Amino acid sequence: MTVTHVAIVVADQQRARAFYERYFGFDAGPATMYPDGVLIVRDAAGFSLALGPGGGGDVPAAFDHFGFDLDSPDEVRALRARLVADGVPIVEDTEEPAMVGFKCLDPDGHRVEVAWEVVG
């Protein structure tokens, strides 16, 4: 069994789309708008992010997040630097020998984790 998508509620779909395209590679092929108002964007691996209309209400719990793995600590640090330079809030940092990572907030307050980790 494979996880194929994550769905989140956003206040502004185009703003969320631009964020996930710019920083997380969800710009593979055309986005799809469904009749129920959900906008689907995809990455190069075929993973889909469903951006549901709404938002502006509840703030996600501090533990709630979804994550991306990168291939090296330097890649994690480089993406973090880009996000910081663009004013994206960083809410958690980890810099350890076996793990380098951070969590940032998307425009709707969803926590997004980026990490490299030694597994095994």
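What you see is a predicted model, and the numbers here were worked out from it, not measured in a lab. Side chains included, hydrogens not; waters and symmetry mates left out as well; all remaining heavy atoms used.
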Atom pair [atom1] ([X]) and [atom2] ([Y]), whose distance is rounded to the nearest 0.5 Å:
X      : Y      : atom1 : atom2 : result
Phe102 : Glu113 : CZ    : CD    : 9.5 Å
Leu51  : Arg15  : CG    : CZ    : 11.0 Å
Asp69  : Glu117 : CG    : CD    : 8.0 Å
Asp43  : Asp27  : CG    : CG    : 9.0 Å

Does some side-chain heavy atom of [Y] sit less than 4.5 Å from a side-chain heavy atom of [X]?
X     : Y     : answer
Arg42 : Thr32 : yes
Leu49 : Arg17 : no
Phe26 : Phe47 : yes
Phe68 : Leu79 : no

- Query: Would you say Asp108's side chain and His110's backbone share a donor-acceptor pair under 3.5 angstrom?
  - Reply: no

Can you hop from [X] to [Y] via hydrophobic side chains spaced under 4.5 Å?
X      : Y      : result
Met99  : Val112 : no
Val114 : Phe66  : yes
Tyr34  : Val41  : no

Taking all atoms of both residues into account, what is the closest heavy-atom pair of [X] and [Y], and its distance?
X      : Y     : value
Gly101 : Val76 : CA-CG1, 3.8 Å
Gly52  : Gln13 : C-NE2, 4.1 Å
Arg111 : Asp64 : CB-O, 3.4 Å
Cys104 : Phe19 : SG-CZ, 4.4 Å
Ala31  : Leu39 : CB-CD1, 3.8 Å
Ala44  : Ala28 : N-CB, 3.6 Å

N/O donor-acceptor pairs under 3.5 Å from side chains in residues 82-94, not counting sequence neighbours:
| unit_1 | atom_1 | unit_2 | atom_2 | d |
| --- | --- | --- | --- | --- |
| Arg82 | NH2 | Arg22 | O | 3.0 |
| Asp86 | OD2 | Arg22 | NE | 3.4 |
| Asp86 | OD2 | Arg22 | NH2 | 2.9 |
| Asp86 | OD2 | Tyr23 | OH | 2.4 |
| Asp93 | OD1 | Arg80 | NE | 2.7 |
| Asp93 | OD2 | Arg80 | NE | 3.4 |
| Asp93 | OD2 | Arg80 | NH2 | 2.7 |

- Taking the inter-plane angle between the rings of Phe24 and Tyr20 on a 0 to 90° scale, is it parallel (under 30°), tilted (30 to 60°) or perpendicular (over 60°)? tilted

